Amino acid sequence: MGSDPLVHIQIEMCFLREKMKARWLIKFTPFSSSSSSSSYSNTKKSLQAKPHSSSSSSFEYLYDFKFNQKMTNLNAEDMSTEKITVIFILGGPGSGKSTQSPKIAEKFGFVHISAGDLLREELKSGSEDSVMIQKTMENGELVPSNFMVKLLQRAMKESGKEKFLIDGFPRSLENLDAFTTLTGIEPKFVLYLYCSEEVMKQRLLKRNQGRNDDNIATITKRFEASKSVYPVIQFYHSLGKLYMIDARKSVDEVFEDINTTFHNWTKDSIKLIATESFVDINTIFHHCMDDSVKLVTTA
Ligand SMILES: Nc1ncnc2c1ncn2[C@@H]1O[C@H](COP(=O)(O)OP(=O)(O)O)[C@@H](O)[C@H]1O
Ligand SMILES: O=c1ccn([C@@H]2O[C@H](COP(=O)(O)OP(=O)(O)O)[C@@H](O)[C@H]2O)c(=O)[nH]1
């Protein structure tokens with residue numbers, strides 16, 4: 001049976017600055033001249049969207065859509081998303097996420113779920129996905145988004161709890177889209193541990209936890225891959241949910257700044273505590289931010 005697809009479909013997505021709106025750019029390219037037939041035209045028509053641009057070889061459609069949290073909440077049978085509290089903690093490799101997360105979890109009663117640890121456990125379990133996980137981690141790349149979200153959902157469900165600190169996820173807009181679509185959960189706020197690459201590199205080389213991705217070649221790839229988080233940060237910044245923590249300070253100082261954020265959040269009055277500008281903040285934000293950044297610091 002001939003089952004060749006008639007068209008190659010490429011979907012790109014970006015978040016708009018307005019809350020929970022996304023823009024999809026869908027490109028159709030016929031695989032061969034024979035496929036630019038009536039089926040191809042029908043596919044185009046069925047989208048009922050205005051062409052964004054077209055050429056002899058491909059068509060692009062651009063349309064906006066708004067997330068409907070009730071519709072996308074595929075998790076409803078397992079957990080009531082209304083009761084669930086999620087906080088994301090992000091930061092480059094070696095910024096201190098796994099150092100700070102257990103302290104936060106203990107102090108504020110959250111279950112710490114580390115995306116990287118879930119992958120390492122899955123790898124050790126020798127499941128059918130082990131080879132894929134191993135190769136992806138060795139290359140400092142990201143595992144498929146839906147796969148990662150399913151692991152997170154499983155861990156959340158198995159804990160039987162409702163407050164989660166999710167460490168090291170989402171690392172890309174695609175990750176975030178998969179999480180929103182599959183769980184319907186919105187984080188309360190997002191912590192980003194900011195640290196320069198030089199400091200992170202030194203920390204990783206000294207980490208000494210037997211991780212085979214803590215070598216200079218993989219670290220370089222991980223730094224490159226970690227840039228896919230920038231649009232995620234930009235998105236939460238635009239929602240006023242982003243808290244930047246200066247993670248170059250000592251472990252205790254970083255924890256103190258995180259504490260301040262949490263205390264203010266529990267008082268339901270998160271706001272900018274102090275603004276401080278430091279030069280290398282630009283290295284992360286210069287190409288994705290267009291206005292000021294919140295920095296949390298205890299004076
Ligand atoms: N603020 C800090 N100052 C100095 N070293 C730190 C600090 N935070 C973490 N470390 C050390 O740096 C290494 C990487 O930290 P880790 O928490 O594992 O980073 P991440 O989870 O973000 O990759 C660890 O060996 C940890 O002990
Ligand atoms: O959502 C995630 C989180 C992690 N990883 C992979 O797991 C590795 C280690 O992630 P972790 O958060 O443990 O460590 P970090 O690099 O932040 O120190 C990354 O380099 C990725 O290859 C992934 O694919 N998706």
Side-chain angles (χ1 to χ4, degrees), residues 86 88-105 112-124 129-156 164-180 182-183 187 190-229 232-233 244-259 284 297:
V86 162
F88 292 140
I89 178 165
L90 300 170
S95 56
K97 301 180 297 296
S98 341
T99 304
Q100 298 295 335
S101 296
K103 292 153 82 69
I104 300 170
H112 171 212
I113 300 183
S114 155
D117 285 351
L118 290 182
L119 290 173
R120 282 181 284 275
E121 279 160 26
E122 195 65 16
L123 181 58
K124 266 196 258 156
D129 301 301
S130 298
V131 175
M132 177 278 287
I133 297 172
Q134 187 168 13
K135 281 195 177 151
T136 309
M137 290 177 92
E138 271 170 17
N139 288 326
E141 292 163 356
L142 297 183
V143 299
S145 298
N146 282 7
F147 176 78
M148 192 67 245
V149 174
K150 298 237 158 87
L151 289 185
L152 291 167
Q153 276 182 303
R154 189 174 73 190
M156 288 163 81
F164 303 99
L165 177 67
I166 299 188
D167 158 6
F169 179 94
R171 293 181 183 229
S172 66
L173 279 183
E174 196 203 90
N175 274 181
L176 173 56
D177 181 44
F179 187 80
T180 310
L182 292 175
T183 70
V190 177
L191 293 167
Y192 186 85
L193 304 192
Y194 173 73
C195 203
S196 67
E197 282 193 5
E198 195 42 45
V199 172
M200 294 193 288
K201 187 165 82 183
Q202 294 315 321
R203 288 182 185 173
L204 291 174
L205 291 173
K206 279 195 267 171
R207 179 152 60 179
N208 205 16
Q209 286 176 357
R211 277 179 56 169
N212 57 8
D213 56 351
D214 281 350
N215 60 73
I216 195 71
T218 310
I219 289 171
T220 308
K221 289 183 196 163
R222 283 156 70 199
F223 283 159
E224 203 43 47
S226 68
K227 292 180 181 151
S228 62
V229 82
V232 175
I233 298 169
M244 295 283 286
I245 306 289
D246 182 353
R248 300 166 305 171
K249 297 181 183 176
S250 72
V251 171
D252 288 347
E253 285 169 328
V254 173
F255 188 54
E256 204 177 316
D257 288 347
I258 292 175
N259 257 304
I284 160 170
T297 180

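If you read the sequence from its start, that first residue is 1, and numbering goes on from there. Every value quoted in this text rests on a predicted model; they were computed, and no experiment measured them. Ligands are counted one by one from 1 in listed order, and the atoms in each one are counted from 1 as well.
- For atom 1 (O) of ligand 2, the nearest non-hydrogen atom of the protein is Phe169 CD1, 3.3 Å.
- Counting only distance, with no hydrogens or angles, the side chain of Glu121 and the backbone of Leu118 share no donor-acceptor pair below 3.5 Å.
- When hydrogens are left out, the protein atom nearest atom 22 (O) of ligand 2 is Glu141 O, 2.5 Å; that is the closest non-hydrogen contact.
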What's the verdict on side-chain contact (heavy atoms from CB on, under 4.5 Å) for Tyr192 and Val229, showing C-alpha distance, side-chain angles and the deciding distance? CA-CA 10 Å; Tyr192 186 85; Val229 82; 4.1 Å; yes
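- For a heavy-atom separation below 4.0 Å, the residues in contact with ligand 1 are Gly92, Pro93, Gly94, Ser95, Gly96, Lys97, Ser98, Thr99, Arg203, Arg207, Ala247, Lys249, Ser250, Val251.
- Less than 4.0 angstrom separates some heavy atom of Arg120 from each of these atoms of ligand 2: 9 (C), 13 (O).
- Between Asn215 and Thr218, the side chains place a donor N or O and an acceptor N or O closer than 3.5 Å (distance only, hydrogens not considered).
- Looking only at heavy atoms of the protein, atom 12 (O) of ligand 2 is closest to Arg171 NH2, 2.4 Å.
- At the shortest separation from atom 18 (O) of ligand 2 among protein heavy atoms lies Arg222 NH2, 3.1 Å.
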Evaluate the salt bridge (charged side-chain N to carboxylate O under 4.0 Å, His left out) criterion for residues Arg222 and Asp214: first the C-alpha distance (whole Å), next the side-chain angles of each, then the deciding distance (0.1 Å), finally the verdict. CA-CA 10 Å; Arg222 283 156 70 199; Asp214 281 350; 2.9 Å; yes
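- Distance alone, capped at 3.5 Å, places no donor-acceptor pair between the Arg171 side chain and the Leu142 backbone.
- Checked by atom type and distance alone, the side chain of Glu122 never pairs as donor or acceptor with a backbone atom of Ser130 at under 3.5 Å.
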Between Asp246 and Lys249, does the salt bridge (charged side-chain N to carboxylate O under 4.0 Å, His left out) criterion hold? Intermediate values first, please. CA-CA 6 Å; Asp246 182 353; Lys249 297 181 183 176; 5.1 Å; no
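- Under the 3.5 Å distance criterion, with hydrogens and angles disregarded, a donor-acceptor pair is assigned to the side chains of Glu174 and Ser145.
- At distances below 3.5 Å, at least one donor-acceptor pair connects side-chain atoms of Lys97 with backbone N or O atoms of Gly91.
- The shortest contact between atom 5 (N) of ligand 2 and any protein heavy atom is with Leu119 CD1, 3.3 Å.
- Annotation: atom 7 (O) of ligand 2 to nearest protein heavy atom, Met137 CE, 3.3 Å.
- Every atom of ligand 2 with a heavy atom of Pro93 under 4.0 Å away is listed here by number and element: 15 (P), 16 (O), 17 (O), 18 (O).
- For Arg207, the closest heavy-atom approach to ligand 2 falls below 4.0 Å.
- Between Ala115 and ligand 2, no pair of N/O atoms sits closer than 3.5 Å.
- Atoms of ligand 2 lying under 4.0 Å from at least one heavy atom of Met148, given by number and element, are 1 (O), 2 (C), 25 (N).
- Between Lys97 and ligand 2, at least one N/O pair is under 3.5 Å apart.
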Go through it in stages, so that I can follow the logic: the residues are Lys135 and Glu141, the test is side-chain contact (heavy atoms from CB on, under 4.5 Å), and I'd like the CA-CA distance, side-chain angles, deciding distance and then a yes or no. CA-CA 9 Å; Lys135 281 195 177 151; Glu141 292 163 356; over 6 Å; no
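- The protein atom (non-hydrogen) at minimum distance from atom 24 (O) of ligand 2 is Val143 N, 2.8 Å.
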Take Asn139 and Gln134, measure what side-chain contact (heavy atoms from CB on, under 4.5 Å) needs, and give me the verdict at the end. CA-CA 9 Å; Asn139 288 326; Gln134 187 168 13; over 6 Å; no
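- Near Gly168, with a cut-off below 4.0 Å to any heavy atom, the atoms of ligand 2 are 1 (O), 2 (C), 3 (C).
- Counting only distance, with no hydrogens or angles, the side chain of Arg248 and the backbone of Cys195 share no donor-acceptor pair below 3.5 Å.
- Legend: residues meeting ring pair (Phe, Tyr, Trp, His ring centres under 6.0 Å) with Phe88, ordered by chain and number and at least two apart, are Phe179.
- Distance from atom 14 (O) of ligand 2 to its nearest protein heavy atom, with residue and atom name: Arg211 NH2, 3.1 Å.
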Show the numbers, then the answer: is there a side-chain contact (heavy atoms from CB on, under 4.5 Å) between Leu191 and Gln100? CA-CA 11 Å; Leu191 293 167; Gln100 298 295 335; over 6 Å; no
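- Near Leu142, meaning under 4.0 Å from one of its heavy atoms, ligand 2 places the atoms 23 (C), 24 (O), 25 (N).
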